[in-house]
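A quick write-up on the structure given underneath.
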Number of protein chains: 2
Amino acid sequence: MSGRGRVPSGQPTISDVARHAGVAVSTVSYVLSGKRAISEVTRNRVLASVRLLGYHPNAGARALASRRANVIALVLPLRSGIQVPVVMQFATAVVTSARRHDHDVLLLTSDEGPQGLHRIAAGALVDGVLVMDVELHDVRVPLLRELGRPSVLIGLPADTDALTCVDLDFHRAGQVCVDHLVSLGHRRIALLGAPSAVYDRGTGFAHRTRAGVVEAAARHGVEAVTLPCEENAAEVHARVVELFARQPELSALVVQNEAAVGPVQAALAALGRRVPDDVSVVAVCPDQFAEHANPRLTSVPVPAEEIGRQAVSLLMRKVHGEPTPQVTLLEPRLTVRDSTAAASTVPAVHDGRAAAR
Amino acid sequence: MSGRGRVPSGQPTISDVARHAGVAVSTVSYVLSGKRAISEVTRNRVLASVRLLGYHPNAGARALASRRANVIALVLPLRSGIQVPVVMQFATAVVTSARRHDHDVLLLTSDEGPQGLHRIAAGALVDGVLVMDVELHDVRVPLLRELGRPSVLIGLPADTDALTCVDLDFHRAGQVCVDHLVSLGHRRIALLGAPSAVYDRGTGFAHRTRAGVVEAAARHGVEAVTLPCEENAAEVHARVVELFARQPELSALVVQNEAAVGPVQAALAALGRRVPDDVSVVAVCPDQFAEHANPRLTSVPVPAEEIGRQAVSLLMRKVHGEPTPQVTLLEPRLTVRDSTAAASTVPAVHDGRAAAR
DNA sequence: GGACGCTGGCGAAGCGCTTCGACAAACCGT
DNA sequence: ACGGTTTGTCGAAGCGCTTCGCCAGCGTCC
């Protein structure tokens, strides 16, 4: 009898390679993993067979035997108020970096919730987990602590104990914006923030930016009002009007809502306020947005690329059992473009024409 | 001697469950998979043990034994000119649908290129592949044909032979836009299209929309000019100016570049053309954009959700060896909002004030 | 020249699961 | 009462890989 006759998969296996190269299976494995010394001549023979047969190790078998899936999970937010392009930048940076560490990326959406995380981790489908858009009091944080798998958070929860977190230092970012505006002579500043839903659910970056703005303003002794802001044009317009109603002598705006930058400019134009002549604008947004706006925006970019890279590299370190810092904050850098200028000594009037200066 | 003493993984295995429930390993497997009849009483005993121990099957072992990874790959585009929010919508729809079929999603970026696909498929990391943003003459198409794994394309290549493709019927979408405008009495229509890079690399949807617009215009005997359009405000402005220069009596615009809709409205406002009084605008863009614009835009939405669902369900069918149609085109539907109105009998003048009507 | 350490390679034991064939026990019709 | 089905369960053989322990051969060093 010819055994039980399951059909062979078609793909060559490691023993095909071993047979073809005239060596033991284990030798092939060691050639491929480099975990033991193999003589030059044998190595080359094996590698030649590998190429000739078009051999690719079976991921399942490898994962089973080595207890390593070589896959990491990326949990992306999918809810309202997220900044889609930034999220995409993160995602691509993560995928690219992961590949550089010979890992693939499994995509999870946060609406699968904690049990999604649990399923993935318990099933050993992934070696580690990267979580984006962490809230200050995120339900997933305790789960991550006891998950038994390495994890890295992008964003800061309130309690970072026993975690590994990476993020832009949004607190500093808020400060940097204000510092820049104050150095240009602005004394009445407003922050047009994230949608209020984002504040409400306690998303760290929004709160931290606001705190940075407020603190820097206080330090400089200038006035700062902050307002959440939804993402549609009408709402933005209303908010801008509201700001000027509250503070007629407003001469500078910090905008941290990338979807709002276009509408903000439109609203200012509609109100007859010129940028930067009458109002200076600093945005916290991807460089691409800032570059394409008109005028080009002075901005503090969110270095999604860099954060993604760091996050992956920290996760890899944890996967390999190395220690990692609890919190890694990236220093913000402000790029001056065309939307900020020295404050005029005489405030603009309201009819849409700048005052004489 | 106590064997070779590899450390146990910590997670309970199927044999822990079997022991706890007092049955054979295979019985547990059959309870979990439902592939053989198991008596009510045994099933319940096993399920109780599963819950009690917190058992989750090991993904690698399962994949190895069953030759099924229960994972599909999603290849996302990451290059210029892609419509980020639409892509995200696809991605989330795909993840959600895949979970409904008990599959997870592995994220690949198209810049890993063909060899990325090959690696994934040959290593049996995934059971099938979903490819987005397919070009008319995509290098990956021949590869997909000979990959030996099921695949579904989102978008149409020139030759769909031996493939499975899903997309919105962009040709019809172009027609529908024109039909709507013509029915409102517009006789001078323009299409503001995708960035020229998108046309250049032969992305199907851009060409198909343009063809639909041109064809419908010809059918109605109305004039239609089409222009590619980059995504930044200045460029959009220039294009809009160019359109009116070419065709001063232009009264309707079809915009199929979601990133351009905001700037288009701004440009029209700057030129003193009111929407919809002087110019009607139809957009091909996600509903969300159309809703949030001011005025709200009449649009043909790209049903990313629906396409993603269809794509996954087709892929699942292929994974299970069932036949699938070569091409699935979704019917576009036009939602009338506030940006289209009957053409005025007297064309608008150029100084920004509408002519008497 | 024998004890010693290296190097390079081999064989075999799993990793945790699925699935096939076997087989008691219960049920059927006659 | 007896062959013939079902029905429910078990045991064992892999799936393709990693890794541990072992050993043959060879140069080294007193």
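None of these values were measured; they are calculated from a predicted model. Proteins get letters first, then strands, A, B, ... in listed order; numbering begins at 1 in each.
- A heavy-atom distance below 4.5 Å is not found between the side chains of V75(A) and L130(A).
- The residue V25(A) sits close to a base: some heavy atom pair falls under 4.0 Å.
- You'll find a donor-acceptor pair under 3.5 Å spanning the side chain of R36(B) and the base of dT9(D), going by distance alone.
- The distance from atom CG of N44(A) to atom P of dG8(C) is 13 Å, rounded to the nearest whole Å.
- Here R67(A) reaches the OP1 or OP2 of dG16(C): one of its side-chain N or O atoms lies under 4.0 Å away.
- The pair D159(B)-R145(B) counts as a salt bridge, with a side-chain nitrogen and a carboxylate oxygen less than 4.0 angstrom apart.
- Among dG11(C), dA12(D), dT18(D), the nucleotide with an atom closest to any side-chain atom of S26(B) is dA12(D).
- Distances shorter than 4.0 Å separate none of the side-chain N or O atoms of K35(A) from OP1 or OP2 on dT18(D).
- Using a 4.5 Å heavy-atom threshold, the side chains of P150(A) and V129(A) count as separate.
- Not a single donor-acceptor contact under 3.5 angstrom links the side-chain atoms of Y30(B) to the base of dC17(C).
- A salt bridge links R309(B) with E305(B): the distance from a Lys NZ or Arg NE/NH1/NH2 to an Asp or Glu carboxylate oxygen falls below 4.0 Å.
- Toward the 5′ end of DNA chain D lies the nearest nucleotide of I38(B), the other residue of the pair I38(B) and A61(B) mapping further downstream.
- Nucleic acid contact class of S39(A) (heavy atoms, under 4.0 Å, all strands): sugar-phosphate only.
- Side-chain contact between V152(A) and V166(A): present, with at least one pair of heavy atoms (C-beta onward) separated by less than 4.5 Å.
- Against DNA chain D, the stretch residues 46-60 of chain B makes no heavy-atom approach under 4.0 Å.
- Using a cutoff of 4.0 Å between basic side-chain nitrogens and carboxylate oxygens, R119(B) and D104(A) are scored as salt-bridged.
- Not one side-chain nitrogen or oxygen of S66(B) sits closer than 4.0 Å to the OP1 or OP2 atom of dC17(C).
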